[in-house]
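Below, chain A is the first sequence line, B the second, and so on; all start at residue 1.
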Protein chains: 4
Amino acid sequence: MCEKPEPITTKAAKKQQSILTNAMMVFAKEGFRNTDVQIIADLAGVGKGTVYRHFGNKEQLFLATAKFCVERMSQYAQQKVMQEKTLPELIEENGVPLLLRKIMLACAEFYQKHPQTIEIMIQERAEFRESIYPTHLMFREENRSGLDGIMQIGIDRGELRPTNVMQASDAITDLLWGCLISGCLQGQKNKLVERVESAIDLLLNGLVATDRSSNTE
Amino acid sequence: MCEKPEPITTKAAKKQQSILTNAMMVFAKEGFRNTDVQIIADLAGVGKGTVYRHFGNKEQLFLATAKFCVERMSQYAQQKVMQEKTLPELIEENGVPLLLRKIMLACAEFYQKHPQTIEIMIQERAEFRESIYPTHLMFREENRSGLDGIMQIGIDRGELRPTNVMQASDAITDLLWGCLISGCLQGQKNKLVERVESAIDLLLNGLVATDRSSNTE
Amino acid sequence: MCEKPEPITTKAAKKQQSILTNAMMVFAKEGFRNTDVQIIADLAGVGKGTVYRHFGNKEQLFLATAKFCVERMSQYAQQKVMQEKTLPELIEENGVPLLLRKIMLACAEFYQKHPQTIEIMIQERAEFRESIYPTHLMFREENRSGLDGIMQIGIDRGELRPTNVMQASDAITDLLWGCLISGCLQGQKNKLVERVESAIDLLLNGLVATDRSSNTE
Amino acid sequence: MCEKPEPITTKAAKKQQSILTNAMMVFAKEGFRNTDVQIIADLAGVGKGTVYRHFGNKEQLFLATAKFCVERMSQYAQQKVMQEKTLPELIEENGVPLLLRKIMLACAEFYQKHPQTIEIMIQERAEFRESIYPTHLMFREENRSGLDGIMQIGIDRGELRPTNVMQASDAITDLLWGCLISGCLQGQKNKLVERVESAIDLLLNGLVATDRSSNTE
DNA sequence: CATGAATGAGACTTCATTCAT
DNA sequence: CATGAATGAAGTCTCATTCAT
């Protein structure tokens with residue numbers, strides 16, 4: 001039961017985790033510039049010096065926090081969508097449109113549970129502007145080929161209209177982010193999933209009436 | 001008629017304009033917290049005290065700047081789309097889908113010309129979070145009924161699929177914002193229009209292949 | 001009586017003077033690193049920000065203080081020795097050996113009155129080491145040609161032994177500094193003049209018995 | 001009796017030596033306040049705690065370093081000058097003036113080889129000011145009687161002019177220090193010996209032309 | 001009404017010292 | 001006895017805001 005898993009690594013890691021978790025909360029709540037590192041240290045139950053020992057300076061602490069957030073998101077979505085299956089299995093099971101929907105909803109779920117992550121991304125841009133490449137976009141780039149691949153398969157399978165795959169990837173991701181950010185700004189952090197859901201459905205099926213003989217009938 | 005364009009007020013107004021314009025540039029480039037009010041005063045060619053006399057404090061200066069940005073955007077889009085015509089005329093001329101497309105592109109055009117506006121919106125959230133309602137969302141709310149109305153007409157005319165109008169409005173606006181922000185973050189401020197264009201087209205027509213009957217046939 | 005001399009320049013200059021004077025005292029008493037700029041500000045009766053406004057940062061404040069010290073020394077010695085006369089007049093009046101003696105004693109007098117200056121020079125070296133050229137050595141370089149010139153004249157007049165002028169200049173200045181520093185370190189800041197006096201006399205006349213004929217006779 | 005040269009003590013002594021040697025280098029290069037004890041510990045290959053165990057605190061470590069420097073100097077000069085001979089033998093061999101010259105040059109040689117020692121002395125004053133009696137002056141005091149004695153003998157032997165012995169001792173030592181410090185500050189650490197040599201020669205023989213009888217002849 | 005010098009609260013960061021391991 | 005992670009006091013510097021001129 002009590003397997004005693006590497007005590008040394010664990011203790012140091014625990015402390016780092018604690019600092020990052022609290023940093024996430026405080027940065028999200030107060031904003032980067034408005035955050036006093038002392039507060040984070042206090043909440044994490046460590047001295048201010050310890051925070052600096054581990055992360056160097058406030059900027060690096062923030063960047064580490066941003067990375068931490070995105071990684072948690074990545075893990076969550078991976079687990080939620082994949083559930084130990086392979087991509088072909090998932091496509092076979094769901095079909096491409098439904099799979100895309102599931103992926104987006106999995107992301108939305110995470111952000112609804114941890115809306116601080118969105119605030120952190122906004123803070124990151126607000127503070128660093130062009131000087132760094134946004135953490136969550138790095139995640140997006142890393143997974144872009146996956147998304148593009150799925151879309152291509154969807155087109156090949158005749159489930160998606162034959163469109164430019166990259167533009168479609170951008171559109172679906174931009175839509176997700178638009179929903180998340182607007183949702184946050186409107187103070188509806190607890191309705192992110194449904195907002196994303198309805199938006200994705202509209203994107204998948206289109207707003208325009210498909211001709212459509214049937215309508216006039 | 002209006003023979004004396006009150007020179008005094010005008011001079012004061014000019015100064016305010018100058019301050020706001022420079023504030024916009026500096027806030028967008030440096031971020032709210034990283035901006036020294038002195039710099040804005042210098043660029044505007046006035047003393048620091050004057051800035052404070054006109055705007056009270058740094059926060060109010062920023063908020064005035066944000067409002068200034070959004071109003072400029074509003075004017076631009078209005079003019080670009082309406083061109084002295086009435087809404088019914090526009091719909092008759094373009095049809096609803098094309099009109100929606102035009103509206104979105106007009107907005108995108110403005111933001112591509114003045115990407116600082118996007119940065120300002122990000123700064124606004126980053127600094128004030130829940131404490132104020134975002135300036136650009138106020139614009140969105142004000143024009144929501146217009147957008148909703150157009151969509152309803154589209155549905156009634158059989159040009160749009162019969163969907164929840166408010167959800168569709170949200171989706172199209174979220175998509176716009178997603179494109180703008182992601183475009184900015186990716187350092188592609190000069191491709192905002194084409195990004196919005198391809199995304200809107202996808203949203204209008206949908207990703208999923210329609211009347212698949214024909215495909216399988 | 002009350003001539004009202006340029007009030008603007010004077011007021012700003014007065015404040016700078018006040019800051020420098022107090023900086024000199026505090027730096028000399030506490031050492032550069034051990035000095036809190038706040039203390040200097042308090043003593044000068046200004047805010048900390050004012051000190052930074054005028055001098056940029058602590059290092060520049062210190063360097064300005066060092067320069068201030070050396071300039072005061074320079075003025076003092078100039079006035080004390082020259083007394084409105086020209087160099088030839090002085091030489092004619094005193095002869096070279098006596099003039100050298102007077103110069104050294106004038107310097108020594110200043111340092112005895114303001115021993116902080118010596119401490120400042122020590123601090124300068126202690127803090128900046130090779131990174132800057134010592135302020136008081138710059139003064140020394142500037143006046144080197146003068147000293148060398150006097151010595152050359154002394155040799156030409158047969159009052160000084162024909163030695164290497166530059167080495168002699170170095171020796172006499174090094175002796176001065178050795179006296180000043182050692183005097184300070186031994187806590188005999190109020191005996192600097194007499195220490196210098198006796199040392200200079202020994203250097204002028206030499207330690208070795210001049211054979212010499214007369215002695216053995 | 002003491003056949004086992006206590007290996008434990010020796011090992012500890014080795015560590016102390018290593019710490020002191022490295023402390024000397026770092027203190028001389030970085031200055032007292034700018035030195036991070038961690039750096040010394042790293043260079044010495046021990047933990048920071050060990051440094052504190054051995055020396056108590058940073059100040060005591062520095063003072064120990066200063067003492068270490070002066071002792072090394074003392075040993076060097078002793079060995080270089082005395083070479084297993086007694087004082088009378090040396091005087092007989094060289095005569096007093098030449099012996100004085102040798103002593104000064106021996107000191108200068110050491111400082112030229114280890115100019116850090118000079119920096120350490122400057123640091124000592126810069127940091128501690130009146131609070132401690134300078135380490136190298138303690139050495140000077142200890143050997144003062146020796147120097148005074150030699151001078152007295154020189155006078156008695158008719159080799160030196162009959163001057164105040166203590167003043168002469170001070171002058172010659174001050175001259176040495178003036179040369180060392182000025183040489184260092186001018187960035188001529190590798191010319192200390194020649195600087196001292198020429199200065200001492202001038203002090204011994206004087207600047208003023210002697211027996212001017214011959215001149216007028 | 002405009003100005004910009006002065007202010008000082010506030011936040012980052014360093015590093016001497018301690019102490020649990 | 002050695003270590004080095006943790007601590008927090010202390011000091012630098014910035015900049016929003018004020019106010020005398």
*Asks:* Side-chain N or O of A:T50 versus OP1/OP2 of F:dA5: is the shortest distance under 4.0 Å?
*Replies:* no

*Asks:* Hey, is the side chain of A:K48 pairing donor to acceptor with the base of F:dT7 inside 3.5 Å?
*Replies:* no

*Asks:* So which one's nearest nucleotide on DNA chain F is more toward 5', C:D36 or B:G49?
*Replies:* C:D36

*Asks:* Under 4.0 Å between any heavy atoms, over every strand shown, what does A:K15 touch: base, sugar-phosphate, or nothing? Just pick one.
*Replies:*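 Sugar-phosphate, backbone atoms only, no base.
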
*Asks:* Between A:H54 and F:dA5, is there a contact of a side-chain N or O with OP1 or OP2 at under 4.0 Å?
*Replies:*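 Checking F:dA5 against A:H54, no side-chain N or O comes under 4.0 Å of OP1 or OP2.
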
*Asks:* I want to confirm an ordering. Mapping B:K58 and D:V46 to their closest nucleotides on DNA chain F, which one lands closer to the 5' end?
*Replies:* D:V46

*Asks:* Verify side-chain contact (heavy atoms from CB on, under 4.5 Å) between C:L185 and D:H136, making sure each step is shown before the conclusion.
*Replies:* CA-CA 10 Å; C:L185 298 215; D:H136 80 281; 3.7 Å; yes

*Asks:* Who does E:dA20 pair with, Watson-Crick or G-U, both distances under 3.5 Å?
*Replies:*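 Its partner is F:dT3 (Watson-Crick or G-U wobble, both distances under 3.5 Å).
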
*Asks:* Specify the separation, in whole Å, of atom CZ of D:R33 and atom C1' of F:dT12.
*Replies:* 14 Å

*Asks:* Should F:dA10 form a Watson-Crick or G-U wobble pair with both distances under 3.5 Å, which nucleotide is its partner?
*Replies:* E:dT13

*Asks:* Does a side-chain N or O from B:R53 land closer than 4.0 Å to OP1 or OP2 of E:dA2, or not?
*Replies:*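 Yes, B:R53 has a side-chain N/O under 4.0 Å of OP1/OP2 on E:dA2.
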
*Asks:* Rounded to the Å, how far apart are D:Q16 CD and F:dC1 P?
*Replies:* 12 Å

*Asks:* Rounded to the nearest angstrom, tell me the gap between atom CG in C:L61 and atom P in F:dC13.
*Replies:* 10 Å

